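One structure is given here, and the rest of the page talks about it.
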Protein chains: 4
Amino acid sequence: MRLKDEQKFEAIIRATLELTHEKGLAGIKMSELARKAGIATGSLYTYFEDKQDILLSVDREVRSRGAAYLMQASTDDEENYEGRVKTYVGQYADFVSANREAILFIDLLQRSPFMTERSYQDTVDQYRFTLELVEEGQNAGLVREGDPEEMVHVIDSIIKMLIDHRQTHLKGAYDEEVRNRCKEYVWAVLKK
Amino acid sequence: MRLKDEQKFEAIIRATLELTHEKGLAGIKMSELARKAGIATGSLYTYFEDKQDILLSVDREVRSRGAAYLMQASTDDEENYEGRVKTYVGQYADFVSANREAILFIDLLQRSPFMTERSYQDTVDQYRFTLELVEEGQNAGLVREGDPEEMVHVIDSIIKMLIDHRQTHLKGAYDEEVRNRCKEYVWAVLKK
Amino acid sequence: MRLKDEQKFEAIIRATLELTHEKGLAGIKMSELARKAGIATGSLYTYFEDKQDILLSVDREVRSRGAAYLMQASTDDEENYEGRVKTYVGQYADFVSANREAILFIDLLQRSPFMTERSYQDTVDQYRFTLELVEEGQNAGLVREGDPEEMVHVIDSIIKMLIDHRQTHLKGAYDEEVRNRCKEYVWAVLKK
Amino acid sequence: MRLKDEQKFEAIIRATLELTHEKGLAGIKMSELARKAGIATGSLYTYFEDKQDILLSVDREVRSRGAAYLMQASTDDEENYEGRVKTYVGQYADFVSANREAILFIDLLQRSPFMTERSYQDTVDQYRFTLELVEEGQNAGLVREGDPEEMVHVIDSIIKMLIDHRQTHLKGAYDEEVRNRCKEYVWAVLKK
DNA sequence: AATGAATGAGAATTCATTCAT
DNA sequence: CATGAATGAATTCTCATTCAT
């Protein structure tokens, strides 16, 4: 797998995300996928075992890229907690905006029959940094009591909804304004 | 269509929601759907034009039932605004919990090859009551400034996330505790 | 079969002919046939065994009516042979015009898989009168030499074509003019 | 469509004509058609959209070949008009005899649920040469008066009937004798 | 008898996967 | 390796026939 052409591998991933965005998981046909990736149908099988392999590989790839991004998100030099949270939320919002297709893909795959097993741990790992930020706030008495994990999910859903709503329903572009609203709403939920 | 038996119509809708929950949209086979609904495969075509017609009809049906439920939700005799919001959120949470399959279905259908077009208006109608509640709060100076429609979506996503997280990740049943947390988080987002 | 309602039997025959005219044999659906005949689908099976039985029955019925008509065609009191031929052709043309649907039906059924066997004799019987008229002319030295049976078929096809062409392509009604042209062309073929 | 193999396209057309001849239009099954054409069922869909597309394509193909044949039919070096007509009728009869399946197919397709619309023009084009020959004869005072188009149809039906009668009813082969009879009968109809 | 919904065998169609070029 | 036509198993859909009302 993935012998010669790293570029084609990339193209297939991109095509999968685009196609999922357009027609959902159920709408992915190997022939269309190939066309979108600019290769022949048969060539898909040079890079991947079968259809499920493509989907799971895209999932893996996209998750690891997301984790990498969130890992390197820095909040260090901010003085107070609220500021650090907002900085982080801003970064997270940027990431979500830049990776809407990937996020949708993961979301759909999660609840699909293609997903045989998916360790819950994966998801936890991904949110480790956010989780720690929330727990720190709780320890400092700045954040409301409650299951931090649940709170992370709520935060996550708020940010995704704000960005999706802006782009899908209002046809507007992601901008500083949405970014700030993410910060506001998240902080409203967190603060004691 | 739908000549004889209202019960069969119902059975098909129920079977569609169950099957979608179990295997995703792509996993719906007419034969299995018929078996689950307790009728012959061919009979599906007595009630519906084709597969897409089934899915779009289920979508329509489920949406209109949701809208009907939310319309009749009463908050009248509560004295103060906060109390009325929380009563409403509680009812909303009950509804979401009782209709998870339907909500998943709508969500998946949205991005699927079966969905040709979907007027945004549909969604707005559904949220009319919630929208009015938010606007009332803003007029009374009790709710934060901001696009009320966006706020409604945020509220919606918070409630759905809380319930989904409890049931999917924590394998817990929906109960008074989750219900209360919905109220808390929503109020935190709304209040000035 | 054909117990109570002779009228329904008639209606089914008429519906079959109409439907065949509109969509050909391949386009006959039991449900549509029933609707056109003004009865329920299931009722077709009260009058006929199955689909093939309908088609063969219609064939039998229509043929026997045609034969009856042609049998009673009279040419007796005309003085000369040419006049008798033309009188007969006129009557035959009237018949063809009045029974276009039935004639088309027989024609299509002839070459269809529904027609398991069809004794050649049937056809010959039908044309007996015409045949005798031709043979009489040959014996009197008024008609060209040649296989009389073949000649009858040629005459038949000329008349049908003239009437069909007028009605189908020219959208015109059958009238004295076409009737006369039938006589002319037929006599041109026959006369020595 | 029709990307690779012109031969397969040909095979499908041939198979369609054969199958129609054997079992009628209603008897054409995609699976059988594929078997007869020597390809897999699914491959039919590489060359054609669906069943209707096959039938209409065969119709188009067969008509255009017929038109091409009749176009190139030469009558040039014959001295007199009668001779030229007879030469042409002979060629026409050869063509009809060699293409009975195609002619049957067109005839059946005409009145079938597959035929949506069929411009009358198509047929006229096909007969252009015959038409001109008749008109020439009329102008020279050698051919009877009358609508030339109608006359062409009559001629056409005579030739088809003669050949069909010989082959179907008399089980005889097409030969010089039938060919000559075609000439005789047609000339009898035309000549003034 | 009449009705028309229900049935399911069978035909049409789709599409992941293979394979000859 | 790349290609895209070919394959046929799996699925959707049709419709003659049956049957409960």
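No hydrogens, no waters, no symmetry mates; every other heavy atom, side chains included, goes into these values. None of the values given here were measured: they were computed from a predicted structure. The chains referred to below are lettered A, B, ... by the order of the sequence lines, with proteins before strands, and numbering in each begins at 1.
The distance between atom NZ of Lys23(A) and atom P of dC15(E), rounded to the nearest whole Å, is 10 Å. Across the protein-nucleic acid pair, Leu33(D) atom CG and dT7(F) atom C1' stand 16 Å apart, rounded to whole Å. Atom-to-atom, CG of Leu55(B) to P of dC13(F) comes out at 10 Å; the value is rounded to the nearest Å. Put simply, NZ on Lys8(B) is 10 Å from P on dT21(F), counting in whole angstrom units. The CZ atom of Phe9(D) sits 15 Å away from the P atom of dA5(F) (whole-angstrom rounding). Rounded to an integer number of Å, the gap from CD of Glu32(A) to P of dC15(E) is 9 Å. Taking atom CZ of residue Arg35(D) and atom P of nucleotide dA11(E), one finds them 11 Å apart after rounding to whole Å. Across the protein-nucleic acid pair, Gln7(B) atom CD and dA6(E) atom P stand 11 Å apart, rounded to whole Å.
Residues satisfying the salt bridge (Lys or Arg N to Asp or Glu O under 4.0 Å) test with Lys51(D), not counting sequence neighbours, are none. Every side-chain contact (heavy atoms from CB on, under 4.5 Å) that Glu18(B) has, sequence neighbours left out, goes to Arg14(B), Glu22(B), Lys36(B), Glu101(B). With sequence neighbours excluded, the residues forming a side-chain contact (heavy atoms from CB on, under 4.5 Å) with Ile106(B) are Asp59(B), Val62(B), Arg63(B), listed by chain and number. Qualifying side-chain contact (heavy atoms from CB on, under 4.5 Å) partners for Lys8(A), counting only residues two or more places apart in sequence or in other chains: Asp5(A), Ile39(A), Tyr47(A).
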With the criterion being N/O to N/O and under 3.5 Å, what pairs connect the protein with nucleotides 16-18 of chain F, and how long is each?
{"residue": "dA16(F)", "atom": "OP1", "partner": "Lys51(C)", "partner atom": "NZ", "Å": "3.1"}
{"residue": "dA16(F)", "atom": "OP2", "partner": "Met30(C)", "partner atom": "N", "Å": "2.7"}
{"residue": "dT17(F)", "atom": "OP2", "partner": "Tyr45(C)", "partner atom": "OH", "Å": "3.0"}
{"residue": "dT17(F)", "atom": "OP2", "partner": "Lys51(C)", "partner atom": "N", "Å": "3.0"}
{"residue": "dT17(F)", "atom": "O5'", "partner": "Tyr45(C)", "partner atom": "OH", "Å": "3.4"}

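No donor-acceptor pair under 3.5 Å is formed between the side chain of Asn99(B) and the backbone N or O of Ala102(B).
Rounded to 10 degrees, the angle between the two end axes of the helix from dA2(E)-dT21(F) to dT21(E)-dA2(F) is 0°, with five pairs used at each end.
With a 6.0 Å radius and a threshold of 12 heavy atoms from other residues, nucleotides or ligands, His21(A) has its NE2 atom above the threshold.
Taking for each of Leu44(D) and Ser43(C) the nucleotide of DNA chain F with the nearest heavy atom, the 5'-most of the two is the partner of Leu44(D). Remark on DNA chain E: of its neighbouring residues Ile39(B) and Ala40(C), the 5'-side contact belongs to Ala40(C), judged by nearest-heavy-atom nucleotide.
The line from CZ of Phe105(D) to CG of Leu25(D) is 6.0 Å long, rounded to the nearest 0.5 Å. Here the CD1 atom belonging to Ile54(B) is positioned 6.0 Å from the CD1 atom belonging to Ile12(B), to the nearest 0.5 angstrom.
Taking only side-chain atoms of Tyr47(A), from C-beta outward, the nucleotide of dA2(F), dG4(E), dA6(F) with the closest atom is dA2(F).
Side-chain contact between Arg100(C) and Gln167(C) is present, with heavy atoms from C-beta onward closer than 4.5 Å.
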